[in-house]
Amino acid sequence: DVQLQASGGGVVQAGGSLRLSCVTSGFNFDDYVVAWFRQAPGKEREGVACIRGNDGIYSNVDSVEGRFTISSDKPQRTVSLQMNSLKPEDTAVYLCGAVRWNPAVSLNMLLLLQGMDYWGKGTLVTVSS
């Protein structure tokens with residue numbers, strides 16, 4: 001069975017940091033892109049960052065540029081999201097997904113389309129002002 005288990009959420013003050021982890025199993029990590037998404041209360045889900053399993057090429061959205069860093073650990077099949085300089089508007093449920101890599105679809109488009117093959121449950125991040 002395919003599993004994506006997100007963890008690491010919590011409550012932090014503005015300006016603080018959190019590190020989220022997405023542990024995956026059940027699919028060939030090298031053939032997939034793993035992505036982080038978030039959904040704030042009352043808002044639509046949005047893509048945050050994604051990374052290719054085979055070579056670590058990644059992309060992230062402009063709103064987190066310079067603050068969030070996505071990385072992967074292939075042996076551990078884990079994708080992490082280091083979040084620094086957190087803002088109250090970063091408050092959301094963060095969830096990870098995986099999709100088989102298609103070279104015809106850019107990573108930026110993948111974050112926009114959100115067409116994942118598999119989804120995990122989310123972890124709540126709350127940033128207080």
Side-chain angles (χ1 to χ4, degrees):
D1 289 349
V2 172
Q3 293 190 9
L4 295 97
Q5 183 64 52
S7 63
V11 180
V12 62
Q13 288 189 335
S17 299
L18 281 174
R19 186 177 181 86
L20 306 183
S21 293
C22 177
V23 180
T24 72
S25 63
F27 59 89
N28 189 340
F29 194 79
D30 281 345
D31 292 339
Y32 279 73
V33 177
V34 178
W36 283 100
F37 299 86
R38 66 185 180 184
Q39 187 163 18
K43 295 188 177 181
E44 293 186 353
R45 186 178 61 206
E46 63 172 346
V48 176
C50 62
I51 190 165
R52 295 201 315 218
N54 65 331
D55 58 10
I57 301 296
Y58 67 91
S59 179
N60 52 252
V61 296
D62 290 345
S63 60
V64 305
E65 181 68 36
R67 300 189 299 122
F68 292 10
T69 303
I70 190 170
S71 62
S72 66
D73 181 335
K74 285 179 62 174
Q76 297 297 322
R77 302 177 54 92
T78 299
V79 173
S80 298
L81 186 68
Q82 177 66 43
M83 306 187 297
N84 299 328
S85 302
L86 282 161
K87 305 175 181 179
E89 51 264 43
D90 294 318
T91 294
V93 173
Y94 285 71
L95 57 160
C96 53
V99 62
R100 182 177 289 275
W101 179 49
N102 180 352
V105 180
S106 71
L107 295 182
N108 289 340
M109 186 60 65
L110 189 152
L111 286 175
L112 182 64
L113 295 176
Q114 303 187 31
M116 298 291 105
D117 293 331
Y118 308 110
W119 290 95
K121 295 182 179 180
T123 184
L124 177 62
V125 172
T126 302
V127 184
S128 61
S129 57

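Computed from a prediction, not measured in an experiment: that's the story for all the values here.
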Asker: If the condition is salt bridge (charged side-chain N to carboxylate O under 4.0 Å, His left out), which residues does E46 pass it with, not counting sequence neighbours?
Answerer: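 With neighbours one apart ignored, the set is R38.
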Asker: Classify the angle between the aromatic ring planes of Y118 and F27 as parallel (below 30°), tilted (30 to 60°) or perpendicular (above 60°).
Answerer: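 Parallel, since the angle between the ring planes stays under 30°.
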Asker: In Å and rounded to the nearest 0.5 Å, what is the OG1 to CD distance from T123 to Q5?
Answerer: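 Reported to 0.5 Å precision, the distance equals 9.0 Å.
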Asker: Holding to side-chain contact (heavy atoms from CB on, under 4.5 Å), I want the full list of residues that pass it with V11, two or more places apart in sequence or in another chain.
Answerer: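 Residues passing side-chain contact (heavy atoms from CB on, under 4.5 Å) with V11: T126.
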Asker: As an exercise, state the distance from SG of C50 to CE of M116, rounded to the nearest 0.5 Å.
Answerer: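 One gets 7.0 Å once the value is rounded to the nearest 0.5 Å.
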Asker: Taking F37 as the starting point, is it possible to reach W101 by hopping between hydrophobic residues whose side chains are less than 4.5 Å apart?
Answerer: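 Per the 4.5 Å side-chain linkage, W101 and F37 are co-clustered.
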Asker: Throw together a table of side-chain donor-acceptor distances under 3.5 angstrom for residues 102-115, partners on residues two or more places apart or in other chains.
Answerer:
unit_1, atom_1, unit_2, atom_2, d
N102, OD1, A104, N, 2.9
S106, OG, M109, N, 3.0
N108, OD1, S59, OG, 2.3
Q114, OE1, R45, NE, 2.5
Q114, OE1, R45, NH2, 3.2
Q114, NE2, R45, O, 3.0

Asker: If you draw a 6.0 Å radius around CD in Q3, do more than 12 non-hydrogen atoms from other residues or ligands fall strictly inside?
Answerer: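 Counting neighbours around CD of Q3, 12 or fewer heavy atoms of other residues, nucleotides or ligands fall under 6.0 Å, so no.
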Asker: Sort and list the pairs that fulfil side-chain hydrogen bond (donor to acceptor under 3.5 Å, both in side chains) and have at least one residue in residues 13-34, not counting sequence neighbours.
Answerer: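 Non-adjacent pairs meeting side-chain hydrogen bond (donor to acceptor under 3.5 Å, both in side chains): S17-N84, R19-Q82, N28-D31, D30-K74.
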Asker: Taking only residues two or more places apart in sequence, or in another chain, which ones meet V127 in a side-chain contact (heavy atoms from CB on, under 4.5 Å)?
Answerer: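 Testing V127 for side-chain contact (heavy atoms from CB on, under 4.5 Å), a comparison that skips the adjacent residues, returns V12, A14, L86, P88, D90, T91, V125.
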Asker: Does R52 reach the main-chain N or O of I57 with its side chain, forming a donor-acceptor pair under 3.5 Å?
Answerer: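 Judged by distance alone, no pair lies under 3.5 Å.
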Asker: Verify the cluster assignment for L18 and L81: are they in a single hydrophobic cluster under the rule of side-chain heavy atoms below 4.5 Å apart?
Answerer: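 L18 clusters together with L81.
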Asker: Tell me the salt bridge (Lys or Arg N to Asp or Glu O under 4.0 Å) pairs involving residues 115-128, sequence neighbours left out?
Answerer: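 Checked against salt bridge (Lys or Arg N to Asp or Glu O under 4.0 Å) - neighbours excluded - no pair reaches residues 115-128.
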Asker: I'd like to know if L4 and V33 are part of one continuous hydrophobic network [Ile/Leu/Val/Met/Phe/Trp/Tyr, side-chain heavy atoms within less than 4.5 Å].
Answerer: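 In one cluster with V33: L4, no.
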Asker: Measuring only between side-chain heavy atoms, which start at C-beta, is Y58 closer than 4.5 Å to V79?
Answerer: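 No. Closest side-chain heavy atoms not under 4.5 Å.
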Asker: If the test is side chain to side chain contact (heavy atoms under 4.5 Å, CB included), which one of N60, I70, V61, I51 qualifies with W36?
Answerer: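 With W36 as partner, N60, I70, V61, I51 yield a single side chain to side chain contact (heavy atoms under 4.5 Å, CB included), made by I70.
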